[in-house]
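Reading through the structure tokens given below for one structure.
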Amino acid sequence: MIIGRLRQWLSLLVCVLAVILLKSEGASVGITYLQDAVAKGAVCLDGSPPAYHFDKGSGAGVDNWIVHMEGGGWCEDVPTCLSRKNSDLGSSKQMVKQFGFSGLLSGQQKSNPDFYNWNRIKVRYCDGSSFTGDAVDRANNLFFKGNSIWEFIIADLLAKGMRNAKNAILSGCSAGGLASILHCDRFRALLPASTKVKCISDAGFFLHAQDVSGGKHIEEFYGKVARLHGSVKNLPASCTSRMGARPELCFFPQYVVQTMQTPIFFVNSAYDSWQIKNILAPSAADKSKAWKSCKLDLKKCTAAQLKTIQDFRTQFLSALNRAGVVNSPSKGMFIDSCYAHCQVGKQIQWSSDSSPVVSNMKIAKAVGDWYYERSPIKKLDCPYPCNPTCPKVDSDS
């Protein structure tokens with residue numbers, strides 16, 4: 001009896017704390033469905049309309065805009081897309097009506113001093129191709145229209161005032177972070193020349209690398225995504241024109257960023273948890289499950305596994321360097337050593353007392369200083385496990 005009541009009180013306390021936390025982060029923002037997009041064919045995998053959450057700017061930020069694209073992986077074949085279309089990653093019918101804005105999207109000045117009063121938009125992700133697809137599978141009633149969704153949403157926001165923007169940022173996390181790279185120059189071209197436009201990719205620099213078996217799992221995976229969704233024609237021409245018979249490789253940022261014209265900032269872990277789990281040691285390349293415990297907790301890795309992971313970091317940093325990120329004055333970076341994936345949308349990692357610190361700077365300060373050009377930002381953390389400010393959990397979830 002007493003234990004039962006204690007559990008009820010604890011559950012209530014958790015709910016109350018969750019509400020308080022949500023309010024402190026700017027509360028929740030309602031969803032906007034773009035019904036007119038259906039007639040244009042700009043629809044989710046299941047044919048439902050695309051959607052976003054829009055928190056309007058105020059005061060000095062009324063003419064400033066952040067368009068942030070949600071992440072959520074990809075679907076590479078008909079079965080995975082059919083499964084996906086019955087979730088919020090494939091249908092706006094399944095999306096939550098309210099979404100809490102945090103981190104880069106927070107409306108609180110204390111936690112987000114540089115961008116709190118901007119127009120802040122969270123674009124929901126329901127196409128499975130990082131907003132690049134342009135195909136339809138009538139037999140399976142699947143709509144691969146990610147590029148059309150992106151174009152329709154940007155046109156809608158331009159009509160709602162973004163065409164008058166003084167400042168504009170295209171950002172995203174994970175698959176959305178990849179989209180912020182792939183669409184960055186197009187975003188710049190759609191805004192007036194007088195608008196200051198930059199992009200931010202959070203956990204979007206996916207590495208073209210071999211897996212632990214020596215295979216090319218991620219290369220084959222992205223190739224399947226590109227072919228199924230008809231994505232190649234919507235990848236940056238500045239990249240595809242240089243890739244010969246392999247234009248689908250322009251899904252990898254290391255080949256796209258080299259020719260980008262628009263300033264861009266990369267927030268990434270050199271030990272990105274998604275990439276270690278799915279690029280370096282995917283289940284398909286680890287039949288014996290030797291990497292299972294290591295992928296869940298780097299402290300459980302063997303010495304040989306840690307050596308492989310450190311080599312992966314070296315490859316990642318080399319790719320950033322070859323892409324021109326390290327030396328370009330218009331590009332910035334915050335590369336930490338946390339076992340993390342997506343960091344700008346979470347207050348605990350963006351600017352809280354518990355946020356990771358690299359060279360005495362947190363992510364929020366680094367991004368703000370870079371955007372406003374208060375100082376060039378090229379933050380590179382020491383190798384794992386050197387940084388005691390990293391969160392003690394894997395943020396991949």
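For the side-chain hydrogen bond (donor to acceptor under 3.5 Å, both in side chains) test, no residue two or more places apart in sequence or in another chain qualifies with Asn141. Under the side-chain hydrogen bond (donor to acceptor under 3.5 Å, both in side chains) criterion, Ser355 pairs with Ser352, not counting sequence neighbours. Under the rule for a ring-ring contact (aromatic ring centres under 6.0 Å, His included), the partners of Phe206 that lie at least two apart in sequence or sit in another chain are Trp74, Trp274. Looking at residues two or more places apart in sequence or on another chain, you find a side-chain contact (heavy atoms from CB on, under 4.5 Å) between Ser58 and Asn117. Every residue meeting the salt bridge (Lys or Arg N to Asp or Glu O under 4.0 Å) condition with Asp134, not counting sequence neighbours, appears here in chain and number order: Lys145. Under the salt bridge (Lys or Arg N to Asp or Glu O under 4.0 Å) criterion, Arg120 pairs with Asp55, sequence neighbours left out. The ring-ring contact (aromatic ring centres under 6.0 Å, His included) check on His208 picks up Phe252, Tyr255, with sequence neighbours excluded. Judged as a ring-ring contact (aromatic ring centres under 6.0 Å, His included), and not counting sequence neighbours, the contacts of Trp150 are His183.
Leu104 has its side chain within reach of Ile66: a pair of non-hydrogen atoms, C-beta onward, lies under 4.5 Å apart. Two residues are said to be in side-chain contact when any heavy atoms from C-beta on lie closer than 4.5 Å; Val62 and Trp118 fail this criterion. At least one side-chain heavy atom of Asp286 sits less than 4.5 Å from a side-chain heavy atom of Ser288. Between Leu45 and Arg84, some side-chain heavy-atom pair lies under the 4.5 Å cut-off. Contact annotation: the side chain of Lys379 never approaches that of Met333 to less than 4.5 Å [non-hydrogen atoms, C-beta and beyond]. Under the 4.5 Å side-chain criterion, counting only non-hydrogen atoms from C-beta, Val67 is not in contact with Ile169. Annotation: side chain of Gln349 is in contact with side chain of Pro356 (closest heavy-atom distance under 4.5 Å). Here the side chains of Tyr339 and Ile276 are in contact, with some heavy-atom distance below 4.5 Å.
Below 30°, between 30° and 60°, or above 60°: for Phe99 and His53 the angle between ring planes is between 30° and 60°, a tilted geometry.
No hydrogens or angles considered: a donor-acceptor pair under 3.5 Å links the side chains of Asp185 and Thr262. Asn147 and Arg186 are linked by a side-chain donor-acceptor pair at a separation below 3.5 angstrom, with hydrogens and angles left out of the test. If you check the side chains of Ser111 and Ser106, you find a donor sitting under 3.5 Å from an acceptor. No side-chain donor from either of Ser130 and Thr132 sits under 3.5 Å from a side-chain acceptor of the other. Under 3.5 Å, the side chains of Gln310 and Tyr384 contain no donor-acceptor pair of N or O atoms. Using modelled atom types, one finds a donor on one side chain and an acceptor on the other under 3.5 Å when comparing Tyr371 with Asn167. In this model, no donor atom of one side chain and acceptor atom of the other lie less than 3.5 Å apart for Asp272 and Ser269. Donor-acceptor pairing under 3.5 Å is lacking for the side chains of Ser273 and His341. Checking His217 against Asp211 by side-chain atom types alone, no donor-acceptor pair falls below 3.5 Å. In summary, the side chains of Arg322 and Ser318 do present a donor paired with an acceptor at a separation below 3.5 Å, with no hydrogens or angles considered. In summary, the side chains of Gln343 and Asp336 do present a donor paired with an acceptor at a separation below 3.5 Å, with no hydrogens or angles considered.
In this structure, Leu178 CG and Cys173 SG are separated by 11.5 Å, a value rounded to the nearest 0.5 Å. Distance check, rounded to the nearest 0.5 Å: CD of Gln94 to OG of Ser91 gives 5.0 Å. Going from atom CG of Leu249 over to atom CE of Met243 covers 4.5 Å, rounded to the nearest 0.5 Å. Atoms OG and CG, on Ser92 and Asp46 in that order, are 6.5 Å from each other to the nearest 0.5 Å. How far CG of Asp369 is from CD1 of Ile377: 5.0 Å, rounded to the nearest 0.5 Å.
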Start with the C-alpha distance between Leu34 and Ile153, add both sets of side-chain angles, then the distance that settles side chain to side chain contact (heavy atoms under 4.5 Å, CB included), and finish with yes or no. CA-CA 8 Å; Leu34 300 177; Ile153 285 178; 3.4 Å; yes
Between Asp311 and Thr314, does the side chain to side chain donor-acceptor pair (under 3.5 Å) criterion hold? Intermediate values first, please. CA-CA 5 Å; Asp311 289 345; Thr314 299; 5.0 Å; no
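Within the cation-pi definition used here (under 6.0 Å to the ring centroid, within 45° of the axis), Lys365 does not qualify as a partner of Trp370. At least one cation-pi condition fails for Arg124 and Phe131: the charged atom is not both under 6.0 angstrom from the six-membered ring centre and inside a 45 degree cone around its axis.
No donor-acceptor pair under 3.5 Å is formed between the side chain of Ser180 and the backbone N or O of Leu170.
For residues 100-119, the set of pairs meeting the salt bridge (charged side-chain N to carboxylate O under 4.0 Å, His left out) definition, not counting sequence neighbours, comprises Asp114-Arg374. Residues in residues 245-266 take part in these salt bridge (charged side-chain N to carboxylate O under 4.0 Å, His left out) pairs, two or more places apart or across chains: Glu219-Arg246, Arg246-Glu248.
Residue Phe205 is tested with Phe266, Phe265, Phe251 for a ring-ring contact (aromatic ring centres under 6.0 Å, His included); the sole match is Phe266.
Met95 belongs to a hydrophobic cluster whose other members, connected by ILVMFWY side-chain contacts under 4.5 Å either directly or through intermediates, are Ile31, Tyr33.
Under the 4.0 Å criterion applied to side-chain N and carboxylate O atoms, Glu151 and Lys40 are not assigned as salt-bridge partners.
Other residues, nucleotides and ligands place more than 12 heavy atoms under 6.0 Å from the CG atom of Asp297.
Counting all heavy atoms, side chain and backbone alike, Ala168 lies closest to Leu191 at CB-CD1, 3.8 Å.
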Table please: side-chain donor-acceptor pairs of residues 156-166 below 3.5 Å, with sequence neighbours left out.
| unit_1 | atom_1 | unit_2 | atom_2 | d |
| --- | --- | --- | --- | --- |
| Asp156 | OD2 | Tyr52 | OH | 2.4 |
| Asp156 | OD2 | Lys160 | NZ | 3.1 |
| Lys160 | NZ | Tyr52 | OH | 2.6 |

